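Report on one structure; see the data block that follows.
In what follows, chains are A, B, ... by sequence order, proteins preceding strands, each numbered from 1. Note that the structure is predicted; figures quoted are calculated from it, not measured.
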Amino acid sequence: MTNLSPELLAYWEAEQNRLASKILIPSAGMGYLPDVEDIILVLDIQYQGNVAAIGGVLGNPQGEIEQVFTAQVSADVPYAPGYFCFREGPPLLKFWQNLTKAQHLQPNLIILDGHGIAHPRKFGVACWLGLHTQTPCLGCAKESLLPFEGELPDNQGSSLAIKLHNEVVGWALRTQSGVKPIFASPGYALSLETAKQLIFNLKGEYRLPDILRLADQVARAQAKNELKNDWIDWGYIS
DNA sequence: GCGACAG
DNA sequence: ATCTTGTCGC
C-alpha cells in the first residue's frame with residue numbers, strides 16, 4: 001500500500017472528529033426501529049485495482065432477499081486502517097444516489113461491511129454513509145478495530161460489549177455456536193440495542209447472515225464479470 | 001523503534 | 001481488500 005502523507009492522515013483525523021460530533025446515537029428504544037414493511041439495503045464492495053465492484057441487496061428486516069443490484073464505480077482513495085470511510089464511503093454514496101434517484105427506491109436502513117462508532121474516533125464508514133445519506137446505517141464487520149475484554153460465550157446469540165473509553169460502542173456477536181464472532185455497531189440514527197437485535201434477527205445458518213453473504217457474492221461476481229440474470233446490473237456509473 | 005491495523 | 005493450488009470434509 002502506498003504510504004499516505006502525515007498531512008493527509010492528520011486532515012482525515014480532524015475530519016473524522018468534526019463529523020463524529022454530528023453523529024447522535026439514540027438511546028435504547030429511540031431512533032430507527034424496524035418495521036415489517038421496511039426495506040433494508042445491504043452493501044458490499046470488492047476491488048479490482050481502482051474500480052469498486054458493488055453489490056447491493058434489498059431485503060426485509062428479517063433478512064429475506066427481495067432484489068439485487070450491482071454496479072462499478074471508480075475508487076481513487078487508498079485504504080488506511082482507521083480511515084476506511086474515505087476510501088469506501090464515496091463509491092457507496094454513488095451507488096446509493098443511483099438507487100434512490102434513478103430507481104426511485106428509498107431503503108429505511110443500510111447495513112454495510114465495516115464499523116459504525118466502534119472506531120478509535122467513533123467514526124467508521126457506517127457513520128460516514130449515514131451522515132451523507134441521512135439514513136439509519138449499521139456497520140457489521142468481520143474483525144474488530146478496537147480491542148475488547150471479557151469472554152464471549154460459545155453459544156449462538158451471545159454478545160459482548162466493545163468499549164471505548166469505558167463507553168459501549170458496539171458488540172461482538174456470536175451468530176452461530178462455535179464460530180468466530182462478527183462485530184456490529186450503529187453508525188447513524190439507531191441505538192446500540194437496535195443494532196444488535198437487527199443482526200441477530202437476520203436469517204442464516206452461517207457466521208454471516210444470508211443477506212450479507214449475498215451482497216459479498218454479488219460484489220465478487222461483478223468484479224469477475226460473472227453476474228446472474230436476475231441481478232440488475234447498472235454497469236459503470238459515474 | 002517496531003508491529004499491528006475495518007475493507 | 002487482493003495475489004493464489006491443492007486439499008479436506010459434508
Same cluster (ILVMFWY, side-chain, under 4.5 Å), A/Leu131 and A/Leu93: yes
B/dA6 phosphate, OP1 or OP2, under 4.0 Å from A/Tyr79 side-chain N/O: yes
Sugar-phosphate, base or nothing in reach of A/Tyr47, heavy atoms under 4.0 Å: sugar-phosphate
Pair pattern of DNA chain C in dot-bracket, where unpaired bases get dots and | marks partners in another strand, Watson-Crick or G-U under 3.5 angstrom: ..........
Sugar-phosphate, base or nothing in reach of A/Glu88, heavy atoms under 4.0 Å: nothing
Near-ring test A/Phe69/A/Trp231, centroid separation under 6.0 angstrom: no
Shared hydrophobic cluster, A/Leu192 / A/Ile111 (ILVMFWY, side-chain heavy atoms < 4.5 Å): yes
Joint hydrophobic cluster, A/Leu43 plus A/Trp234, side-chain heavy atoms closer than 4.5 Å: yes
A/Glu15 vs A/Arg18, salt bridge (Lys or Arg N to Asp or Glu O under 4.0 Å): CA-CA, chis, key distance, verdict: CA-CA 5 Å; A/Glu15 267 301 276; A/Arg18 183 178 72 80; 2.9 Å; yes
Rounded distance (Å) that lies between atom P of B/dC5 and atom CZ of A/Arg121: 16 Å
Near-strand residues of residues 185-209 of chain A, defined as heavy-atom separation under 4.0 angstrom from DNA chain B: none
A/Arg87 NZ/CZ over A/Tyr47 ring centroid, <6.0 Å and within 45° of normal: yes
Touch class at under 4.0 angstrom, heavy-atom based, for A/Phe86 against every strand present: nothing
Where chain A begins and ends its contact with DNA chain C, read 5' to 3' at 4.0 Å from heavy atoms: C/dA1 to C/dT2
Side-chain H-bond candidate by donor/acceptor type, A/Gln222 with A/Thr70, under 3.5 Å: yes
Centroid-centroid distance, A/Phe183 to A/Phe148, less than 6.0 Å: yes
Value in whole Å for how far the P atom of B/dG7 lies from CD1 of A/Ile54: 17 Å
Distance-only side-chain donor-acceptor flag, A/Tyr83 / A/Gln16, under 3.5 Å: no
Heavy-atom closest pair, residues A/Gly55 and A/Ala219: N-CB, 3.7 Å
Atom pair distance, as rounded to whole Å: CG in A/Leu146 and C1' in B/dA6: 10 Å
Distance in angstrom units between A/Asp44 CG and B/dA6 C1', rounded: 12 Å
Between A/Asp216 and A/Gln46, a side-chain donor and acceptor under 3.5 Å: yes
